[in-house]
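Worksheet: the structure to be examined is printed underneath.
In what follows, chains carry the letters A, B, and so on, assigned in the order in which the sequence lines appear, proteins first and then strands, with residues in each chain numbered from 1. Note that the structure is a prediction, hence the values are computed from the model and not measured.
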Protein chains: 2
Amino acid sequence: MPVTLKDVAAAAGYSVTTTSRALGGYDDVNEQTRERIITVARELGYQPNMLARQLQAQRAETIGLVIPQAAHQPDDDFFSLLMKGISYVASQHQFDLLISSQLTPQDELRAYQRIAGGRRVDGVIVARTMHDDPRIAYLQRNNYPFVVSGRSAPDEPDDFPFVDADSESGIRQVVAHFIDYGHEHIGFISSPPELAYTPYRLAGYQHALADADLPYREDYVAHGDMQQESGQKAAADLLARHPQMTAIVASNDAMAIGAMAAVQAAGKQVGVDMALGGFDDIPLARHITPDLTTVRQPIYRIGELVAEMLIQIINGEPPEQTGILLEPKLIIRASSGQPLAI
Amino acid sequence: MPVTLKDVAAAAGYSVTTTSRALGGYDDVNEQTRERIITVARELGYQPNMLARQLQAQRAETIGLVIPQAAHQPDDDFFSLLMKGISYVASQHQFDLLISSQLTPQDELRAYQRIAGGRRVDGVIVARTMHDDPRIAYLQRNNYPFVVSGRSAPDEPDDFPFVDADSESGIRQVVAHFIDYGHEHIGFISSPPELAYTPYRLAGYQHALADADLPYREDYVAHGDMQQESGQKAAADLLARHPQMTAIVASNDAMAIGAMAAVQAAGKQVGVDMALGGFDDIPLARHITPDLTTVRQPIYRIGELVAEMLIQIINGEPPEQTGILLEPKLIIRASSGQPLAI
DNA sequence: TTGTATGCGTTATCAC
DNA sequence: GTGATAACGCATACAA
């Protein structure tokens, strides 16, 4: 049986109240009394029951994050990085992080209801936003503190705090870079339509083409699920259908790396016969051979920022800037190859 | 203000007790009453307060993991993988995962006291065990359920549940593989002495040498802190002091990858002038060029196993096998180079 | 300076 | 079937 405040009080010969205040550092308790109580508490190995304390304080000193099925892959880097950024900042503010892994989107919403509605956490972080995201609707409706890593789709309101990298600008930069290198037949591996950033990334592709007066061809766009394997499949498909294609940009690095395999399987060489670009700049991007041209999204930093904002909101100090859009940075590497001779 | 059971009871015209049982699915409540209460609860958007429930049940349905400072590096793969394995299994058993990031070893112990002693979690996972690990001592002394990812040092008792890869065998396999390829001057980049597995890995190196009647030279051993950079420094040091060295084995992949840089900086070529081996088989190991010979430790799987064991213990069904030692598997890749001509 | 009483929201006990 | 009461462990008005 655990040692409770009552036990300490009894052993020290004081009331629970005095014991609580002595341990709590209140100055309206006799010095001798305090010392005695502290000594007894130590001897008994007293540890306050955090659940009871949180219930009484109506505050958990904890923030929550629900991990979707899609992030369970051992080689998914995005959530790992985001979580590290979050937990680092949380620890600086003496907050813990409650992780709830869920296997289906429905479970995901229920998990938010359980941990936010159930007061297990003082606020939550929502990542991987979708079209008409029910989680955001739920949190807003109930006035629960939350910050979004990502943002809403272009045709939806974004009246909530968020931190995101500018997807449109990012993809636009990569595509423009390839156009600059003389490519005219550039394929795009898009993200799933239900993800909120998909229209932004696709728009980045379209705008870069338009800027250069190149036609947008719908059949140059393939779709993947953000996993490596799907990138391979999508690239194989594009290559088979369009032999004239000389460059492919993928919505994230994982799919771009999958595309590498497809290019090689097709007997072409990345960086020579085919330029390849991604999005994220995961650690692997600079270690793979050839290393991958991509646009850097500071995921760890985004984790830090969302946690920082969330804790401010929880503490009743709402941040001035509620929507932060970070400009991603083009990182040119070997997968770009050389400018095409014209 | 959140909706409580009391609110639902009042709105439905029943007592809190009946309301609780109606919602809890007890069969000693009138069907009509139940329906009425459920309807009201739904209308009001009632969400049970998990803290109150946990306090009453004396159970949090949550397991805890403390992340040490050393794992905060964005490119540390070990804890990310371990955590994914843990959270996956936890979710299958309807458990959540409480993460507490801590910046110093002292804070780390305090964090375990807070979350385990404070009953925020029903049990904890201890990773990255050290010599005379104070966390294990604390948990054992207080009879808190815990499972260790790793194990105790060779000269210490291991009377607790753990899952670990056999470090001695793993390093032994890599070194033996290089000896088999004809190498006689093999360096070793060791882990920090305070880590519990350090003696095992060093022993693996020594035994492999002894098996082949090769001398063990203390000056062939350098030390790193498991980070990439330290591997680079250690390898540079070994190369400078021992030009005759033709192979280096590092205690983990990160340091081996750091060593790659040092070898190249010294004007030598990995897999040609110098064989290199690691330990872990992190995702990067097979993507880097040249890809890295290593010994595979199934980190994600270890996470699953420790979580599985912990939840069994929490549920009062102690597993039969309390110490699991997994045999790591040698993965030969390009960094091994070719067998030396003799 | 210390103690009594009350409440946080829930479930369990035991009457009615 | 239903409800009053107590309990989980802690903190805080309020009294003394």
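Put simply, CD on Q47(A) is 19 Å from P on dC8(D), counting in whole angstrom units. Atom CZ of R119(B) is separated from atom C1' of dC10(D) by 15 Å (rounded to the nearest Å).
Along DNA chain D, the nucleotide closest to S15(B) and the one closest to Q58(B) are compared, and the more 5′ of them pairs with S15(B).
Within residues 35-45 of chain A, no residue has any heavy atom under 4.0 Å from DNA chain D.
The nearest pair of heavy atoms linking L325(A) to F162(A) is CD1-CE1, 4.3 Å. Minimum heavy-atom separation, S100(A) to A111(A): OG-CB, 3.8 Å. A22(A) approaches R34(A) most closely through the heavy-atom pair O-NE, 3.4 Å.
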request  = Apply the test side chain to side chain contact (heavy atoms under 4.5 Å, CB included) to residues E156(B) and H131(B): give CA-CA distance (whole Å), side-chain angles for both, the deciding distance (0.1 Å), then the verdict.
outcome  = CA-CA 8 Å; E156(B) 292 171 17; H131(B) 262 299; 3.1 Å; yes
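At least one side-chain heavy atom of I314(B) sits less than 4.5 Å from a side-chain heavy atom of R59(B). A 4.5 Å side-chain heavy-atom check between Y112(A) and V126(A) finds at least one atom pair inside the cut-off. Contact annotation: the side chain of P145(B) approaches that of L310(B) to within less than 4.5 Å [non-hydrogen atoms, C-beta and beyond]. The side-chain heavy atoms of V66(B) and R135(B), taken from C-beta on, include no pair separated by under 4.5 Å.
Among residues two or more places apart in sequence or in another chain, the salt bridge (Lys or Arg N to Asp or Glu O under 4.0 Å) test is passed with E320(A) by none.
Between the CG atom of L98(A) and the CD1 atom of I63(A) there is a distance of 10.0 Å, given to the nearest 0.5 Å.
Residue Q32(A) qualifies as open at atom CD: its count of foreign heavy atoms under 6.0 Å is 12 or below. Open room surrounds OH on Y88(B); 12 or fewer heavy atoms of other groups in view lie less than 6.0 Å from it.
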remark   = Its contact letters, B for base, S for sugar-phosphate only and - for none at protein heavy atoms under 4.0 Å, make nucleotides 11-16 of chain D read SBBB--
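Backbone-only contact: N30(B) has heavy atoms under 4.0 Å from sugar-phosphate atoms and none from a base. Base contact: D28(B) has a heavy atom under 4.0 Å from a base atom.
Within the structure, the ring pair (Phe, Tyr, Trp, His ring centres under 6.0 Å) test picks out no pair touching residues 3-59 of chain A (sequence neighbours left out).
Inter-axis angle, ends of the helix from dT1(C)-dA16(D) to dC16(C)-dG1(D), five pairs per end, rounded to 10 degrees: 50°.
The span of DNA chain C lying next to chain B, judged by atoms under 4.0 Å from heavy atoms, is bounded 5' to 3' by dG9(C) to dC14(C).
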